[in-house]
Amino acid sequence: MTPDQRPVDGDGPDPHLARDVAASLRAIPDFPEPGVLFKDFTPLLLDVDLRNRVSTDVVRRYDGAADLVIGIEARGFILGSVIADRLGAGFVPVRKEGKLPSQTHSVSYSLEYGSATVEVHTDAIQAGQRVLIVDDVLATGGTAAAAVELVRRCGGEVVAVEVVLELGFLRGRDKLAGTRVNALLTD
Ligand SMILES: O=P(O)(O)OC[C@H]1O[C@H](OP(=O)(O)OP(=O)(O)O)[C@H](O)[C@@H]1O
Ligand SMILES: Nc1ncnc2[nH]cnc12
């Protein structure tokens, strides 16, 4: 049975997923600037089976519970769109400043290396829609908190923030009080 054919319901948690994801991540010192240990998840994307196990794990948690999935530019687009497909949910890109062509809501924040502004189309999320936010890494929490704020400005309801890796020492969850946060793996 290929990973895509595995049943979602009744298929219990994947007991070795966190271990296998941890083994696939690559740590690059001093990227993108001195002092940052960058966790690179591109090896995970190369591994078809592992990538499918990650999305299966997320889909199992939110099957029927989300109308939309947000992926945050750029790395959040990759798993976010796969998960949206498998949930049968619409996909909403949250993009860095100036990239979305129509009217936007906009939130600025700081992260482990620098600061940024993210935007969403004002008409992408309708009032009351249930929105799952997907990204690869939760570090300081600035990016995820900005995405939560964008959903609220549109009148949507945040179901949860789902990430592959949480850098616990940066205490990103502190910026997400009241929001369900799930990480496959915490460092
Ligand atoms: O919790 P935070 O401190 O906000 O950091 C987490 C964010 O940092 C990375 O994105 P980055 O802005 O580097 O953009 P990229 O996905 O385009 O590489 C990562 O993909 C998260 O979105
Ligand atoms: N240390 C880190 N590795 C990968 N992505 C990140 N985003 C913010 N901090 C990061």
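Below, each value reflects all heavy atoms present in this structure, side chains not excepted, and no hydrogens, waters or symmetry copies. Read the numbers this way: they start at 1 and go in the same order the structure lists the ligands and their atoms. Quick note: residue numbers are just sequence positions, from 1.
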Residue list, salt bridge (Lys or Arg N to Asp or Glu O under 4.0 Å) with Arg26, at least two apart or on another chain: Asp40
Can a donor-acceptor pair be found between the side chains of Arg171 and Thr140 at a distance below 3.5 Å? no
For ligand 1, give me the residues whose heavy-atom distance to it is below 4.0 Å, by chain and number please. Glu73, Ala74, Arg75, Lys96, Leu111, Glu112, Tyr113, Asp135, Asp136, Val137, Leu138, Ala139, Thr140, Gly141, Gly142, Thr143
Atom pairs, nitrogen or oxygen, ligand 2 to protein, under 3.5 angstrom:
residue, atom, partner, partner atom, Å
ligand 2, 1 (N), Leu37, O, 3.0
ligand 2, 1 (N), Glu112, OE1, 3.0
ligand 2, 3 (N), Lys39, N, 2.9
ligand 2, 5 (N), Arg75, NH1, 3.0
ligand 2, 7 (N), Tyr113, OH, 3.1
ligand 2, 9 (N), Glu112, OE1, 2.5

Would you check if Val54 and Leu184 make a side-chain contact, meaning some heavy-atom pair closer than 4.5 Å? yes
I need the full list of ring-ring contact (aromatic ring centres under 6.0 Å, His included) pairs touching residues 32-80, with sequence neighbours left out, sorted by first then second residue. Phe31-Phe38
May I ask you to decide whether Glu73 forms a salt bridge with Arg95, counting only side-chain N to carboxylate O separations under 4.0 Å? yes
Is Arg152 salt-bridged to Glu157, cutoff N-O under 4.0 Å? no
How long is the straight-line distance from CG of Leu50 back to CG of Leu44, given to the nearest 0.5 Å? 4.5 Å
Under 4.0 Å between a Lys/Arg side-chain N and an Asp/Glu carboxylate O for Arg75 and Asp135? no
Give a yes or no on whether a salt bridge exists between Asp47 and Arg51, defined as a side-chain N under 4.0 angstrom from a carboxylate O. no
